[in-house]
A.B. asks: 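I am attaching a structure below and will ask some questions about it afterwards.
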Amino acid sequence: MRDLLDRLRDLDVDRKKVPFRLEAVGLSSEEARLLDTNGVVFREGDQYWIPEIFRHGLGFSVQGRPRVVAMAKLVRRRNDISG
């Protein structure tokens with residue numbers, strides 16, 4: 001897990017944007033599943049998002065306006081949390 005986080009942290013700045021596609025950051029679907037299971041990324045369609053706390057720590061920025069409310073609803077639905 002640490003190796004994955006180090007790889008994401010060490011990406012060129014122009015590749016450190018969310019949302020992203022796996023091929024843009026060099027992740028396999030298996031690696032993405034591991035990150036998803038641990039709450040580092042989550043998937044919406046074919047794009048991946050990083051929660052703010054991880055995004056800042058890894059040095060990623062948001063393309064356009066962050067969809068905070070939509071992302072929170074997606075995570076709640078995925079985890080079956082009412083809200």
Side-chain angles (χ1 to χ4, degrees):
M1 178 73 163
R2 182 181 177 135
D3 292 339
L4 285 174
L5 296 176
D6 287 342
R7 277 181 33 215
L8 290 173
R9 189 177 302 113
D10 293 339
L11 287 172
D12 292 333
V13 173
D14 61 322
R15 296 175 63 193
K16 295 170 82 169
K17 309 256 189 251
V18 291
F20 62 85
R21 290 194 165 91
L22 295 182
E23 58 274 3
V25 295
L27 291 176
S28 70
S29 56
E30 182 177 305
E31 292 169 327
R33 270 193 298 279
L34 177 62
L35 292 171
D36 181 56
T37 300
N38 287 283
V40 178
V41 301
F42 63 93
R43 182 178 177 184
E44 182 179 14
D46 64 345
Q47 296 182 328
Y48 287 80
W49 293 83
I50 301 176
E52 185 176 12
I53 191 165
F54 290 110
R55 192 175 74 238
H56 287 289
L58 296 171
F60 275 69
S61 61
V62 177
Q63 297 182 60
R65 187 171 155 240
R67 300 175 48 222
V68 176
V69 174
M71 289 187 297
K73 287 180 183 177
L74 177 69
V75 170
R76 276 197 299 270
R77 265 196 323 269
R78 188 184 80 180
N79 293 323
D80 198 32
I81 300 170
S82 60

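Given the structure is predicted, the values throughout are model-derived calculations rather than measurements. Because only heavy atoms are used, hydrogens play no part in the values below, and waters and symmetry mates are left out as well, while side chains stay in.
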A.B. asks: Considering residues at least two apart in sequence or located in another chain, which fulfil the salt bridge (charged side-chain N to carboxylate O under 4.0 Å, His left out) criterion with Asp46?
C.D. replies: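 Partners of Asp46 by the salt bridge (charged side-chain N to carboxylate O under 4.0 Å, His left out) criterion, ordered by chain and then number, come out as Arg21.
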
A.B. asks: Ile53 and Leu34: same hydrophobic cluster, using ILVMFWY side-chain contacts below 4.5 Å?
C.D. replies: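 In one cluster with Ile53: Leu34, yes.
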
A.B. asks: What distance separates Leu27 CG from Leu11 CG, expressed to the nearest 0.5 Å?
C.D. replies: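 With rounding to 0.5 Å, CG (Leu27) is 8.0 Å from CG (Leu11).
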
A.B. asks: How many angstroms lie between CZ in Arg43 and CZ in Arg33, if you round to the nearest 0.5 Å?
C.D. replies: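 The CZ atom of Arg43 sits 9.5 Å away from the CZ atom of Arg33.
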
A.B. asks: I need the minimum non-hydrogen distance between Val40 and Pro51, along with the two atoms involved.
C.D. replies: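 Scanning both residues, the minimum pair turns out to be O-CD, 3.1 Å.
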
A.B. asks: Work out which heavy atom in Val41 is nearest to a heavy atom in Tyr48; give both atom names and the distance.
C.D. replies: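 Nearest heavy atoms, Val41 then Tyr48: CG2-CD2, 4.0 Å.
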
A.B. asks: Verify the neighbour count for atom CD of Glu23: are there more than 12 heavy atoms of other residues, nucleotides or ligands below 6.0 Å?
C.D. replies: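 Result for CD/Glu23: enclosed.
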
A.B. asks: Side chains of Leu8 and Lys16, heavy atoms from C-beta outward: is any pair under 4.5 Å?
C.D. replies: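 They are not in contact (no side-chain heavy atoms under 4.5 Å apart), so the answer is no.
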
A.B. asks: Using every non-hydrogen atom in the two residues, find where Gln47 and Pro19 come nearest and quote the distance to one decimal.
C.D. replies: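 Closest approach of Gln47 to Pro19: OE1-CG, 3.5 Å.
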
A.B. asks: Who are the salt bridge (charged side-chain N to carboxylate O under 4.0 Å, His left out) partners of Arg7, not counting sequence neighbours?
C.D. replies: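 With neighbours one apart ignored, the set is Glu31.
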
A.B. asks: Would you find a donor on one side and an acceptor on the other, under 3.5 Å apart, between the side chain of Arg9 and the backbone of Gly59?
C.D. replies: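 No, Arg9 side chain to Gly59 backbone: no donor-acceptor pair under 3.5 Å.
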
A.B. asks: Search all heavy atoms of Phe60 against all heavy atoms of Lys17 and return the closest pair with its distance.
C.D. replies: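 Closest pair (atom of Phe60, atom of Lys17, distance): CD2-N, 3.6 Å.
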
